[in-house]
Protein chains: 2
Amino acid sequence: MKYHKIPDETIRRMPLYVRALALLEQEGQETISSRQLAERLRLNPPQIRKDLSYFGAFGTRGIGYPVISTARRIRAILRLDVPQKAVLVGAGRLGTAIAVYPGFSVFGLEIAAIIDNNPTKIGSRVGRLEIEHIAAAATLKARGIRLGLLAVPAEAAQGCADVLVQAGVKGLLNLAPCCLDVPKQVKVVSIDMAMALGVLPYYV
Amino acid sequence: MKYHKIPDETIRRMPLYVRALALLEQEGQETISSRQLAERLRLNPPQIRKDLSYFGAFGTRGIGYPVISTARRIRAILRLDVPQKAVLVGAGRLGTAIAVYPGFSVFGLEIAAIIDNNPTKIGSRVGRLEIEHIAAAATLKARGIRLGLLAVPAEAAQGCADVLVQAGVKGLLNLAPCCLDVPKQVKVVSIDMAMALGVLPYYV
DNA sequence: GTGGCTTTGTGAATGTGAGCACAAGCACAA
DNA sequence: TTGTGCTTGTGCTCACATTCACAAAGCCAC
Ligand SMILES: NC(=O)c1ccc[n+]([C@@H]2O[C@H](COP(=O)([O-])OP(=O)(O)OC[C@H]3O[C@@H](n4cnc5c(N)ncnc54)[C@H](O)[C@@H]3O)[C@@H](O)[C@H]2O)c1
Ligand SMILES: NC(=O)c1ccc[n+]([C@@H]2O[C@H](COP(=O)([O-])OP(=O)(O)OC[C@H]3O[C@@H](n4cnc5c(N)ncnc54)[C@H](O)[C@@H]3O)[C@@H](O)[C@H]2O)c1
(Lines give C-alpha, C1' and ligand atoms only; values in the text may rest on other atoms or scores of the structure.)
(Ligands and ions follow the chains in the order given, each with its own letter.)
Protein backbone atom coordinates (compact mmCIF):
# COMPACT_ATOMS: atom_id res chain seq x y z
CA MET A 1 0.00 0.00 0.00
CA LYS A 2 1.22 3.47 -0.84
CA TYR A 3 1.87 5.96 1.91
CA HIS A 4 -1.06 6.28 4.24
CA LYS A 5 -1.51 7.90 7.59
CA ILE A 6 -2.56 5.15 9.98
CA PRO A 7 -6.03 5.79 11.43
CA ASP A 8 -6.27 6.15 15.19
CA GLU A 9 -9.07 3.63 15.15
CA THR A 10 -6.73 1.09 13.62
CA ILE A 11 -4.23 1.65 16.42
CA ARG A 12 -7.01 1.30 18.95
CA ARG A 13 -7.86 -2.13 17.56
CA MET A 14 -4.31 -3.47 17.48
CA PRO A 15 -4.25 -4.65 21.10
CA LEU A 16 -7.42 -6.58 20.30
CA TYR A 17 -5.48 -8.50 17.69
CA VAL A 18 -2.59 -9.02 20.06
CA ARG A 19 -4.87 -10.54 22.65
CA ALA A 20 -6.72 -12.74 20.19
CA LEU A 21 -3.48 -14.00 18.67
CA ALA A 22 -2.01 -14.69 22.10
CA LEU A 23 -5.05 -16.84 22.85
CA LEU A 24 -4.74 -18.65 19.52
CA GLU A 25 -1.10 -19.29 20.19
CA GLN A 26 -2.04 -20.91 23.50
CA GLU A 27 -4.58 -23.04 21.67
CA GLY A 28 -1.82 -24.17 19.36
CA GLN A 29 -3.32 -22.79 16.16
CA GLU A 30 -0.60 -21.83 13.69
CA THR A 31 -2.47 -19.68 11.20
CA ILE A 32 -5.75 -17.80 11.17
CA SER A 33 -7.71 -16.25 8.35
CA SER A 34 -9.21 -12.78 8.54
CA ARG A 35 -12.62 -14.43 8.44
CA GLN A 36 -12.00 -16.63 11.47
CA LEU A 37 -10.42 -13.80 13.41
CA ALA A 38 -13.25 -11.46 12.49
CA GLU A 39 -15.77 -13.94 13.80
CA ARG A 40 -14.04 -14.12 17.16
CA LEU A 41 -13.77 -10.37 17.48
CA ARG A 42 -17.11 -9.46 15.92
CA LEU A 43 -15.45 -7.42 13.20
CA ASN A 44 -15.59 -7.54 9.43
CA PRO A 45 -12.84 -9.46 7.66
CA PRO A 46 -11.84 -6.58 5.36
CA GLN A 47 -11.43 -4.36 8.40
CA ILE A 48 -8.83 -6.69 9.84
CA ARG A 49 -7.02 -7.09 6.51
CA LYS A 50 -6.90 -3.35 6.00
CA ASP A 51 -5.73 -2.70 9.56
CA LEU A 52 -2.87 -5.16 9.20
CA SER A 53 -1.97 -4.07 5.70
CA TYR A 54 -1.25 -0.55 6.92
CA PHE A 55 1.90 -2.03 8.36
CA GLY A 56 2.83 -4.17 5.37
CA ALA A 57 2.07 -7.71 4.25
CA PHE A 58 1.47 -10.07 7.14
CA GLY A 59 -0.37 -13.01 5.67
CA THR A 60 -0.15 -15.69 3.05
CA ARG A 61 -2.83 -15.69 0.35
CA GLY A 62 -4.89 -18.81 0.46
CA ILE A 63 -3.77 -19.55 4.03
CA GLY A 64 -4.20 -16.62 6.36
CA TYR A 65 -2.00 -14.98 8.95
CA PRO A 66 0.71 -16.84 10.88
CA VAL A 67 -0.36 -16.54 14.52
CA ILE A 68 3.00 -16.24 16.24
CA SER A 69 4.89 -13.96 13.90
CA THR A 70 1.91 -11.70 13.32
CA ALA A 71 1.51 -11.26 17.07
CA ARG A 72 5.19 -10.47 17.34
CA ARG A 73 5.04 -7.92 14.55
CA ILE A 74 2.05 -6.12 16.01
CA ARG A 75 3.69 -6.00 19.40
CA ALA A 76 6.73 -4.44 17.78
CA ILE A 77 4.57 -1.84 16.05
CA LEU A 78 2.89 -0.92 19.31
CA ARG A 79 6.29 -0.95 21.07
CA LEU A 80 5.04 -3.75 23.26
CA ASP A 81 7.97 -5.97 22.32
CA VAL A 82 9.99 -4.35 25.08
CA PRO A 83 8.50 -4.47 28.60
CA GLN A 84 6.75 -1.20 29.35
CA LYS A 85 6.61 -0.04 32.93
CA ALA A 86 3.88 2.09 34.42
CA VAL A 87 3.35 3.93 37.67
CA LEU A 88 -0.01 3.79 39.39
CA VAL A 89 -1.03 6.86 41.34
CA GLY A 90 -3.76 6.30 43.92
CA ALA A 91 -3.83 3.16 46.02
CA GLY A 92 -7.55 3.31 46.79
CA ARG A 93 -10.18 0.74 45.91
CA LEU A 94 -9.75 0.97 42.17
CA GLY A 95 -6.01 1.45 42.38
CA THR A 96 -5.38 -1.69 44.42
CA ALA A 97 -7.61 -3.69 42.08
CA ILE A 98 -5.52 -2.50 39.16
CA ALA A 99 -2.26 -3.08 41.02
CA VAL A 100 -2.88 -6.79 41.41
CA TYR A 101 -4.59 -7.24 38.04
CA PRO A 102 -2.60 -9.74 35.99
CA GLY A 103 -4.20 -8.79 32.67
CA PHE A 104 -1.62 -6.18 31.67
CA SER A 105 1.10 -8.75 31.07
CA VAL A 106 -0.38 -9.99 27.76
CA PHE A 107 0.72 -6.65 26.40
CA GLY A 108 4.08 -6.62 28.10
CA LEU A 109 2.83 -3.94 30.44
CA GLU A 110 3.80 -3.92 34.09
CA ILE A 111 2.72 -1.82 37.05
CA ALA A 112 6.19 -1.12 38.42
CA ALA A 113 5.42 1.46 41.10
CA ILE A 114 2.53 2.67 43.24
CA ILE A 115 2.26 6.16 44.62
CA ASP A 116 -0.19 7.64 47.13
CA ASN A 117 -0.22 10.74 49.27
CA ASN A 118 -1.89 9.21 52.28
CA PRO A 119 0.81 8.86 54.98
CA THR A 120 -0.94 5.86 56.53
CA LYS A 121 -0.68 3.95 53.25
CA ILE A 122 2.90 4.74 52.38
CA GLY A 123 5.22 1.84 53.06
CA SER A 124 2.49 -0.78 53.11
CA ARG A 125 2.38 -3.39 50.37
CA VAL A 126 0.00 -4.07 47.52
CA GLY A 127 0.99 -7.34 45.91
CA ARG A 128 4.76 -7.25 45.70
CA LEU A 129 4.96 -3.46 45.47
CA GLU A 130 5.44 -0.99 48.27
CA ILE A 131 3.35 2.18 48.19
CA GLU A 132 5.60 5.17 47.73
CA HIS A 133 5.34 8.85 48.56
CA ILE A 134 4.57 11.28 45.76
CA ALA A 135 8.13 12.56 46.11
CA ALA A 136 9.27 9.27 44.62
CA ALA A 137 8.05 10.59 41.28
CA ALA A 138 11.51 12.09 40.85
CA THR A 139 12.94 8.58 40.54
CA LEU A 140 10.55 7.35 37.85
CA LYS A 141 12.64 8.35 34.88
CA ALA A 142 15.71 6.58 36.23
CA ARG A 143 13.61 3.47 36.75
CA GLY A 144 12.53 3.45 33.13
CA ILE A 145 8.88 4.24 33.88
CA ARG A 146 7.26 6.22 31.10
CA LEU A 147 3.57 5.41 31.56
CA GLY A 148 1.17 6.41 34.29
CA LEU A 149 -2.26 5.43 35.56
CA LEU A 150 -4.31 7.90 37.54
CA ALA A 151 -6.68 6.36 40.07
CA VAL A 152 -7.02 9.36 42.36
CA PRO A 153 -10.07 11.55 43.05
CA ALA A 154 -10.95 13.91 40.20
CA GLU A 155 -9.82 16.95 42.19
CA ALA A 156 -6.33 15.51 42.53
CA ALA A 157 -5.96 14.19 39.00
CA GLN A 158 -4.59 17.31 37.32
CA GLY A 159 -2.01 17.83 40.04
CA CYS A 160 -0.85 14.23 39.82
CA ALA A 161 -0.73 14.46 36.04
CA ASP A 162 1.50 17.52 36.33
CA VAL A 163 3.85 15.70 38.67
CA LEU A 164 4.07 12.68 36.38
CA VAL A 165 4.64 14.75 33.26
CA GLN A 166 7.32 16.65 35.12
CA ALA A 167 8.86 13.27 35.97
CA GLY A 168 9.09 12.32 32.30
CA VAL A 169 5.96 10.21 31.95
CA LYS A 170 4.85 10.26 28.32
CA GLY A 171 1.52 8.41 28.38
CA LEU A 172 -1.36 8.58 30.85
CA LEU A 173 -4.40 6.43 31.48
CA ASN A 174 -6.82 8.59 33.41
CA LEU A 175 -9.49 6.79 35.42
CA ALA A 176 -10.80 9.91 37.12
CA PRO A 177 -13.90 11.64 35.74
CA CYS A 178 -12.24 14.83 34.57
CA CYS A 179 -10.26 16.33 31.71
CA LEU A 180 -6.53 16.81 31.90
CA ASP A 181 -4.25 19.52 30.56
CA VAL A 182 -0.93 18.11 29.41
CA PRO A 183 1.77 19.14 26.95
CA LYS A 184 0.81 17.89 23.51
CA GLN A 185 3.66 15.40 23.31
CA VAL A 186 2.02 13.52 26.19
CA LYS A 187 -0.77 11.15 25.22
CA VAL A 188 -3.79 10.82 27.49
CA VAL A 189 -6.45 8.14 27.31
CA SER A 190 -9.40 8.48 29.65
CA ILE A 191 -11.81 5.86 30.88
CA ASP A 192 -14.98 6.85 32.63
CA MET A 193 -17.11 3.93 33.75
CA ALA A 194 -20.01 6.02 34.94
CA MET A 195 -20.24 7.77 31.57
CA ALA A 196 -20.09 4.46 29.76
CA LEU A 197 -22.92 3.11 31.90
CA GLY A 198 -24.81 6.35 31.52
CA VAL A 199 -25.41 5.98 27.80
CA LEU A 200 -27.03 2.57 28.12
CA PRO A 201 -30.53 3.69 29.13
CA TYR A 202 -30.74 5.74 25.95
CA TYR A 203 -30.36 2.65 23.81
CA VAL A 204 -32.54 0.42 25.93
CA MET B 1 -32.68 21.26 12.03
CA LYS B 2 -34.30 18.94 9.54
CA TYR B 3 -34.52 15.23 10.26
CA HIS B 4 -31.19 13.80 11.23
CA LYS B 5 -30.12 10.51 12.70
CA ILE B 6 -28.34 11.33 15.94
CA PRO B 7 -24.68 10.28 15.79
CA ASP B 8 -23.55 7.70 18.32
CA GLU B 9 -20.63 9.95 19.12
CA THR B 10 -23.06 12.66 20.13
CA ILE B 11 -24.81 10.28 22.51
CA ARG B 12 -21.47 9.23 23.91
CA ARG B 13 -20.70 12.86 24.76
CA MET B 14 -24.00 13.63 26.41
CA PRO B 15 -23.05 12.33 29.88
CA LEU B 16 -20.03 14.62 29.65
CA TYR B 17 -22.38 17.55 29.38
CA VAL B 18 -24.52 16.23 32.21
CA ARG B 19 -21.52 16.04 34.49
CA ALA B 20 -20.17 19.45 33.54
CA LEU B 21 -23.57 21.06 34.00
CA ALA B 22 -24.05 19.36 37.36
CA LEU B 23 -20.76 20.86 38.48
CA LEU B 24 -21.73 24.29 37.17
CA GLU B 25 -25.03 24.06 39.00
CA GLN B 26 -23.13 23.40 42.22
CA GLU B 27 -20.98 26.42 41.51
CA GLY B 28 -24.14 28.46 41.17
CA GLN B 29 -23.62 29.48 37.54
CA GLU B 30 -26.94 30.00 35.80
CA THR B 31 -25.96 30.00 32.15
CA ILE B 32 -22.97 28.86 30.14
CA SER B 33 -21.92 29.56 26.59
CA SER B 34 -20.73 26.86 24.23
CA ARG B 35 -17.33 28.50 24.29
CA GLN B 36 -16.95 28.32 28.06
CA LEU B 37 -18.24 24.76 28.19
CA ALA B 38 -15.95 23.73 25.35
CA GLU B 39 -12.97 25.12 27.20
CA ARG B 40 -13.77 23.03 30.27
CA LEU B 41 -14.28 19.88 28.28
CA ARG B 42 -11.53 20.41 25.69
CA LEU B 43 -14.03 20.35 22.83
CA ASN B 44 -14.82 22.79 20.06
CA PRO B 45 -17.75 25.13 20.64
CA PRO B 46 -19.55 24.20 17.39
CA GLN B 47 -19.35 20.54 18.39
CA ILE B 48 -21.30 21.24 21.56
CA ARG B 49 -23.83 23.43 19.79
CA LYS B 50 -24.39 20.81 17.14
CA ASP B 51 -24.71 18.02 19.69
CA LEU B 52 -27.34 19.89 21.64
CA SER B 53 -29.19 21.11 18.58
CA TYR B 54 -29.87 17.55 17.49
CA PHE B 55 -32.44 17.52 20.26
CA GLY B 56 -33.86 20.94 19.57
CA ALA B 57 -33.11 24.46 20.74
CA PHE B 58 -31.62 24.58 24.22
CA GLY B 59 -29.95 27.93 24.46
CA THR B 60 -30.61 31.61 24.18
CA ARG B 61 -28.72 33.52 21.51
CA GLY B 62 -26.49 36.14 22.99
CA ILE B 63 -26.59 34.43 26.39
CA GLY B 64 -25.83 30.74 26.24
CA TYR B 65 -27.42 27.65 27.72
CA PRO B 66 -29.35 27.68 30.98
CA VAL B 67 -27.43 25.33 33.26
CA ILE B 68 -30.24 23.72 35.19
CA SER B 69 -32.85 23.20 32.51
CA THR B 70 -30.33 22.04 29.95
CA ALA B 71 -29.02 19.45 32.38
CA ARG B 72 -32.58 18.31 33.03
CA ARG B 73 -33.36 18.05 29.33
CA ILE B 74 -30.26 16.02 28.56
CA ARG B 75 -30.99 13.69 31.45
CA ALA B 76 -34.46 13.17 30.04
CA ILE B 77 -33.06 12.42 26.60
CA LEU B 78 -30.71 9.83 28.05
CA ARG B 79 -33.52 8.48 30.25
CA LEU B 80 -31.49 9.44 33.28
CA ASP B 81 -34.37 11.49 34.68
CA VAL B 82 -35.75 8.34 36.28
CA PRO B 83 -33.41 6.41 38.59
CA GLN B 84 -31.82 3.54 36.69
CA LYS B 85 -30.87 0.44 38.61
CA ALA B 86 -28.04 -1.89 37.71
CA VAL B 87 -26.87 -5.28 38.87
CA LEU B 88 -23.19 -5.93 39.37
CA VAL B 89 -21.98 -9.45 38.67
CA GLY B 90 -18.64 -10.35 40.24
CA ALA B 91 -17.75 -9.17 43.72
CA GLY B 92 -13.99 -9.43 43.25
CA ARG B 93 -11.45 -6.64 43.49
CA LEU B 94 -12.84 -4.57 40.68
CA GLY B 95 -16.44 -5.41 41.51
CA THR B 96 -16.23 -4.26 45.11
CA ALA B 97 -14.50 -1.05 44.04
CA ILE B 98 -17.37 -0.38 41.67
CA ALA B 99 -19.98 -1.36 44.25
CA VAL B 100 -18.95 1.35 46.66
CA TYR B 101 -18.12 3.94 43.99
CA PRO B 102 -20.34 6.99 44.53
CA GLY B 103 -19.73 8.42 41.05
CA PHE B 104 -22.71 6.78 39.37
CA SER B 105 -25.27 8.90 41.19
CA VAL B 106 -24.58 12.05 39.12
CA PHE B 107 -26.28 10.17 36.33
CA GLY B 108 -29.08 8.79 38.43
CA LEU B 109 -27.51 5.35 38.20
CA GLU B 110 -27.52 3.01 41.16
CA ILE B 111 -25.92 -0.35 41.79
CA ALA B 112 -28.95 -2.06 43.27
CA ALA B 113 -27.76 -5.67 43.48
CA ILE B 114 -24.54 -7.66 43.58
CA ILE B 115 -24.23 -11.22 42.39
CA ASP B 116 -21.38 -13.69 42.71
CA ASN B 117 -21.09 -17.44 42.39
CA ASN B 118 -18.54 -17.95 45.15
CA PRO B 119 -20.42 -19.57 48.07
CA THR B 120 -18.07 -18.03 50.61
CA LYS B 121 -18.97 -14.55 49.42
CA ILE B 122 -22.72 -14.96 49.19
CA GLY B 123 -24.51 -13.33 52.09
CA SER B 124 -21.66 -11.04 53.05
CA ARG B 125 -22.01 -7.32 52.58
CA VAL B 126 -20.39 -4.80 50.28
CA GLY B 127 -21.46 -1.34 51.35
CA ARG B 128 -25.16 -1.65 52.10
CA LEU B 129 -25.76 -4.47 49.65
CA GLU B 130 -25.73 -8.17 50.32
CA ILE B 131 -24.00 -10.40 47.78
CA GLU B 132 -26.57 -12.68 46.18
CA HIS B 133 -26.43 -16.01 44.44
CA ILE B 134 -26.63 -16.12 40.69
CA ALA B 135 -30.08 -17.68 41.07
CA ALA B 136 -31.25 -14.29 42.28
CA ALA B 137 -31.08 -13.14 38.67
CA ALA B 138 -34.62 -14.37 38.30
CA THR B 139 -35.77 -11.58 40.61
CA LEU B 140 -34.05 -8.74 38.74
CA LYS B 141 -36.91 -7.86 36.46
CA ALA B 142 -39.36 -7.61 39.35
CA ARG B 143 -36.94 -5.31 41.12
CA GLY B 144 -36.82 -2.97 38.14
CA ILE B 145 -33.20 -3.71 37.27
CA ARG B 146 -32.51 -3.40 33.58
CA LEU B 147 -28.78 -2.69 33.46
CA GLY B 148 -25.86 -4.97 34.26
CA LEU B 149 -22.15 -4.65 34.92
CA LEU B 150 -19.89 -7.62 34.35
CA ALA B 151 -16.83 -7.75 36.59
CA VAL B 152 -16.20 -11.48 36.35
CA PRO B 153 -13.29 -13.33 34.72
CA ALA B 154 -13.37 -13.34 30.93
CA GLU B 155 -14.21 -17.06 30.81
CA ALA B 156 -17.36 -16.46 32.88
CA ALA B 157 -18.51 -13.28 31.14
CA GLN B 158 -20.52 -14.82 28.31
CA GLY B 159 -22.34 -17.14 30.71
CA CYS B 160 -23.21 -14.29 33.04
CA ALA B 161 -24.31 -12.14 30.12
CA ASP B 162 -26.66 -14.92 29.02
CA VAL B 163 -28.16 -15.16 32.50
CA LEU B 164 -28.68 -11.41 32.70
CA VAL B 165 -30.22 -11.15 29.25
CA GLN B 166 -32.51 -14.02 30.17
CA ALA B 167 -33.46 -12.05 33.27
CA GLY B 168 -34.53 -9.07 31.18
CA VAL B 169 -31.42 -6.91 31.40
CA LYS B 170 -31.27 -4.60 28.39
CA GLY B 171 -27.90 -2.91 28.72
CA LEU B 172 -24.51 -4.30 29.72
CA LEU B 173 -21.25 -2.72 30.73
CA ASN B 174 -18.60 -5.38 30.20
CA LEU B 175 -15.36 -4.96 32.13
CA ALA B 176 -13.95 -8.34 31.13
CA PRO B 177 -11.48 -8.54 28.25
CA CYS B 178 -13.67 -10.47 25.83
CA CYS B 179 -16.43 -10.08 23.27
CA LEU B 180 -20.02 -10.91 24.09
CA ASP B 181 -22.80 -12.40 22.02
CA VAL B 182 -26.14 -10.90 22.89
CA PRO B 183 -29.46 -10.42 21.11
CA LYS B 184 -29.32 -7.24 19.08
CA GLN B 185 -31.89 -5.43 21.20
CA VAL B 186 -29.40 -5.59 24.07
CA LYS B 187 -26.75 -2.88 24.09
CA VAL B 188 -23.23 -3.76 25.21
CA VAL B 189 -20.49 -1.30 26.04
CA SER B 190 -17.07 -2.74 26.82
CA ILE B 191 -14.21 -1.23 28.74
CA ASP B 192 -10.79 -2.80 28.61
CA MET B 193 -8.19 -1.00 30.70
CA ALA B 194 -5.29 -3.12 29.54
CA MET B 195 -6.08 -2.40 25.90
CA ALA B 196 -6.40 1.30 26.62
CA LEU B 197 -3.00 1.30 28.32
CA GLY B 198 -1.57 -0.84 25.55
CA VAL B 199 -1.92 1.80 22.86
CA LEU B 200 0.04 4.42 24.79
CA PRO B 201 3.58 3.22 23.95
CA TYR B 202 2.78 3.62 20.26
CA TYR B 203 2.13 7.32 20.68
CA VAL B 204 4.98 7.95 23.07
C1' DG C 1 3.36 -27.87 -14.59
C1' DT C 2 -1.45 -26.72 -14.58
C1' DG C 3 -5.98 -25.85 -12.76
C1' DG C 4 -8.84 -24.90 -9.04
C1' DC C 5 -9.53 -23.25 -4.53
C1' DT C 6 -8.73 -20.08 -0.98
C1' DT C 7 -7.46 -15.88 1.05
C1' DT C 8 -4.80 -11.73 1.02
C1' DG C 9 -3.97 -6.80 -0.17
C1' DT C 10 -5.96 -2.63 -1.87
C1' DG C 11 -8.19 1.11 -4.84
C1' DA C 12 -12.64 2.93 -4.99
C1' DA C 13 -17.14 3.79 -3.01
C1' DT C 14 -19.82 4.59 0.70
C1' DG C 15 -20.87 6.10 5.28
C1' DT C 16 -20.09 8.90 9.36
C1' DG C 17 -18.52 12.67 12.08
C1' DA C 18 -16.08 17.21 12.87
C1' DG C 19 -15.30 21.99 11.93
C1' DC C 20 -16.28 26.34 9.73
C1' DA C 21 -18.66 30.38 8.66
C1' DC C 22 -22.50 32.96 8.82
C1' DA C 23 -27.35 34.21 9.15
C1' DA C 24 -30.82 34.45 12.59
C1' DG C 25 -32.14 35.75 17.09
C1' DC C 26 -32.16 37.60 21.67
C1' DA C 27 -30.87 41.04 25.40
C1' DC C 28 -30.02 45.26 26.71
C1' DA C 29 -28.93 50.11 26.40
C1' DA C 30 -29.87 54.43 24.64
C1' DT D 1 -37.94 51.86 18.80
C1' DT D 2 -33.65 51.20 17.05
C1' DG D 3 -28.87 49.83 17.25
C1' DT D 4 -25.08 47.08 19.07
C1' DG D 5 -22.90 43.09 20.66
C1' DC D 6 -22.91 38.52 21.60
C1' DT D 7 -24.15 33.62 20.98
C1' DT D 8 -26.91 30.12 19.06
C1' DG D 9 -28.41 26.98 15.30
C1' DT D 10 -27.16 24.94 10.94
C1' DG D 11 -25.97 24.08 5.85
C1' DC D 12 -21.85 22.99 3.73
C1' DT D 13 -17.35 21.16 3.23
C1' DC D 14 -13.73 18.43 4.45
C1' DA D 15 -11.50 14.60 6.85
C1' DC D 16 -11.65 10.28 8.57
C1' DA D 17 -13.30 5.44 8.83
C1' DT D 18 -15.62 1.39 7.07
C1' DT D 19 -17.06 -1.65 3.58
C1' DC D 20 -17.01 -3.53 -0.95
C1' DA D 21 -15.26 -5.87 -4.83
C1' DC D 22 -11.74 -7.85 -7.26
C1' DA D 23 -7.17 -8.72 -8.99
C1' DA D 24 -2.97 -10.82 -7.41
C1' DA D 25 -0.88 -14.61 -5.15
C1' DG D 26 0.09 -18.67 -2.85
C1' DC D 27 -1.03 -23.85 -1.88
C1' DC D 28 -2.19 -28.44 -3.14
C1' DA D 29 -3.65 -32.28 -5.82
C1' DC D 30 -3.15 -34.59 -9.86
N1 LIG E 1 -13.98 2.74 42.34
C2 LIG E 1 -14.50 2.67 41.12
O3 LIG E 1 -15.12 1.70 40.78
C4 LIG E 1 -14.32 3.79 40.16
C5 LIG E 1 -15.04 3.75 38.97
C6 LIG E 1 -14.87 4.77 38.04
C7 LIG E 1 -14.00 5.78 38.32
N8 LIG E 1 -13.32 5.81 39.47
C9 LIG E 1 -12.41 6.92 39.72
O10 LIG E 1 -11.15 6.42 40.07
C11 LIG E 1 -10.54 7.27 41.03
C12 LIG E 1 -10.19 6.46 42.24
O13 LIG E 1 -11.33 5.84 42.72
P14 LIG E 1 -11.30 4.98 44.05
O15 LIG E 1 -12.64 4.38 44.20
O16 LIG E 1 -10.13 4.09 44.07
O17 LIG E 1 -11.13 6.12 45.17
P18 LIG E 1 -10.46 5.96 46.61
O19 LIG E 1 -10.91 7.14 47.39
O20 LIG E 1 -10.73 4.61 47.14
O21 LIG E 1 -8.91 6.07 46.34
C22 LIG E 1 -8.26 7.26 46.01
C23 LIG E 1 -6.81 7.13 46.45
O24 LIG E 1 -6.07 8.23 45.94
C25 LIG E 1 -5.24 8.73 46.96
N26 LIG E 1 -4.96 10.13 46.69
C27 LIG E 1 -5.78 11.18 46.85
N28 LIG E 1 -5.16 12.31 46.48
C29 LIG E 1 -3.92 11.96 46.07
C30 LIG E 1 -2.81 12.68 45.58
N31 LIG E 1 -2.88 14.01 45.39
N32 LIG E 1 -1.69 12.01 45.25
C33 LIG E 1 -1.62 10.69 45.42
N34 LIG E 1 -2.66 9.94 45.89
C35 LIG E 1 -3.80 10.58 46.20
C36 LIG E 1 -5.98 8.50 48.24
O37 LIG E 1 -5.09 8.43 49.33
C38 LIG E 1 -6.64 7.15 47.96
O39 LIG E 1 -5.81 6.10 48.33
C40 LIG E 1 -11.54 8.36 41.30
O41 LIG E 1 -11.27 9.48 40.49
C42 LIG E 1 -12.85 7.77 40.86
O43 LIG E 1 -13.75 8.76 40.42
C44 LIG E 1 -13.45 4.81 40.39
N1 LIG F 1 -8.89 -5.66 38.61
C2 LIG F 1 -8.70 -4.84 37.61
O3 LIG F 1 -8.10 -3.80 37.78
C4 LIG F 1 -9.22 -5.11 36.26
C5 LIG F 1 -8.82 -4.30 35.21
C6 LIG F 1 -9.32 -4.54 33.94
C7 LIG F 1 -10.18 -5.59 33.74
N8 LIG F 1 -10.54 -6.36 34.76
C9 LIG F 1 -11.46 -7.46 34.49
O10 LIG F 1 -12.54 -7.41 35.38
C11 LIG F 1 -12.94 -8.71 35.73
C12 LIG F 1 -12.89 -8.87 37.22
O13 LIG F 1 -11.60 -8.58 37.68
P14 LIG F 1 -11.22 -8.73 39.20
O15 LIG F 1 -9.84 -8.23 39.34
O16 LIG F 1 -12.28 -8.14 40.06
O17 LIG F 1 -11.21 -10.32 39.38
P18 LIG F 1 -11.46 -11.16 40.72
O19 LIG F 1 -10.97 -12.51 40.45
O20 LIG F 1 -10.97 -10.38 41.88
O21 LIG F 1 -13.04 -11.21 40.84
C22 LIG F 1 -13.83 -12.00 40.04
C23 LIG F 1 -15.12 -12.29 40.81
O24 LIG F 1 -16.05 -12.91 39.94
C25 LIG F 1 -16.66 -13.99 40.63
N26 LIG F 1 -17.11 -14.95 39.62
C27 LIG F 1 -16.38 -15.81 38.88
N28 LIG F 1 -17.17 -16.51 38.06
C29 LIG F 1 -18.43 -16.11 38.28
C30 LIG F 1 -19.70 -16.48 37.74
N31 LIG F 1 -19.80 -17.38 36.80
N32 LIG F 1 -20.78 -15.86 38.22
C33 LIG F 1 -20.67 -14.93 39.19
N34 LIG F 1 -19.50 -14.52 39.72
C35 LIG F 1 -18.41 -15.12 39.29
C36 LIG F 1 -15.57 -14.54 41.52
O37 LIG F 1 -16.15 -15.26 42.60
C38 LIG F 1 -14.89 -13.26 41.97
O39 LIG F 1 -15.51 -12.75 43.13
C40 LIG F 1 -12.00 -9.65 34.99
O41 LIG F 1 -12.59 -10.04 33.78
C42 LIG F 1 -10.82 -8.79 34.71
O43 LIG F 1 -10.14 -9.20 33.53
C44 LIG F 1 -10.08 -6.16 36.03
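Letters go in sequence order (proteins before strands), and every chain restarts at 1.
Looking at A/Glu132 and A/Arg143, a side-chain N of the basic residue comes within less than 4.0 Å of a carboxylate O on the acidic one, giving a salt bridge. Remark: A/Asp51 engages A/Arg13 in a salt bridge, criterion side-chain N to carboxylate O under 4.0 Å. B/Glu110 and B/Arg146 are not joined by a salt bridge, as no carboxylate oxygen comes within less than 4.0 angstrom of a charged side-chain nitrogen. Classification of B/Arg40 and B/Glu27 as a salt-bridged pair holds, one side-chain N sitting under 4.0 Å from a carboxylate O.
Nearest nucleotide to the A/Ser34 side chain, out of D/dG9, D/dA21, C/dT8: C/dT8. Taking every side-chain heavy atom of A/Ile63 into account, D/dC27 is the closest of D/dC27, C/dA18, D/dG9. Closest to the side chain of B/Ser33, out of D/dT7, C/dA12, C/dT7, is D/dT7. Comparing C/dT8, C/dA18, C/dA27 by their closest approach to the side chain of B/Gln47 singles out C/dA18. Counting only heavy atoms from C-beta on, B/Arg35 has its side chain closest to D/dT7 among C/dA21, D/dT7, C/dT8. With distances taken from any side-chain atom of B/Arg49 to the nucleotides C/dC20, D/dT8, D/dT19, the minimum falls on D/dT8. When distances run from any side-chain atom of A/Lys50 to the nucleotides D/dA17, C/dA27, C/dG11, the shortest one goes to C/dG11. Considering only the side chain of B/Arg61, C/dC26 comes nearest among C/dA18, C/dC26, C/dT8.
B/Asn44 has a side-chain polar atom (N or O) that falls below the 4.0 Å cut-off from OP1 or OP2 of C/dG19. Between A/Tyr54 and the phosphate of D/dC16, there is no side-chain N or O to OP1/OP2 separation shorter than 4.0 Å. Contact between the side-chain N/O atoms of A/Tyr65 and the OP1/OP2 oxygens of D/dG26 is not found at any separation under 4.0 Å.
Across all strands shown, D/dC6 forms a Watson-Crick or G-U wobble pair, both distances under 3.5 Å, with C/dG25.
For the pair A/Asp51 CG and C/dT10 P, the interatomic distance rounds to 13 Å; values are reported in whole Å. Spacing between atom CZ of A/Arg12 and atom P of D/dC16 amounts to 16 Å, rounded to whole angstrom units. Separating the NZ atom of B/Lys5 from the P atom of C/dT16 is a distance of 7 Å, rounded to the nearest angstrom. Rounded to whole angstrom, the span from the CZ atom of B/Phe55 across to the P atom of D/dT8 amounts to 18 Å. Going from atom CG of B/Leu37 over to atom P of D/dT7 covers 13 Å, rounded to whole Å. Atom CG of A/Leu43 and atom P of D/dT18 are 9 Å apart (whole Å). Protein atom NE2 of B/His4 is 9 Å distant from nucleotide atom C1' of D/dT10, rounded to whole Å. C/dG19 atom C1' lies 16 Å from atom CG of B/Leu52, rounded to whole Å.
Residue B/Ser34 forms a side chain to side chain donor-acceptor pair (under 3.5 Å) with just one option from B/Lys50, B/Glu39, B/Arg49, and that option is B/Arg49.
For the pair B/Arg73 and B/Phe58, the cation sits on the ring face: its NZ or CZ lies under 6.0 Å from the ring centre, inside 45° of the axis.
DNA chain D is contacted by both B/Gly59 and A/Ile6; B/Gly59 maps to the nucleotide lying nearer its 5′ end (nearest heavy atom per residue).
Nucleic acid contact for A/Pro7: sugar-phosphate only, since backbone atoms but no base atoms lie under 4.0 Å from a heavy atom of the residue. Using a 4.0 Å heavy-atom distance criterion, B/Arg13 is classed as a sugar-phosphate-only contact.
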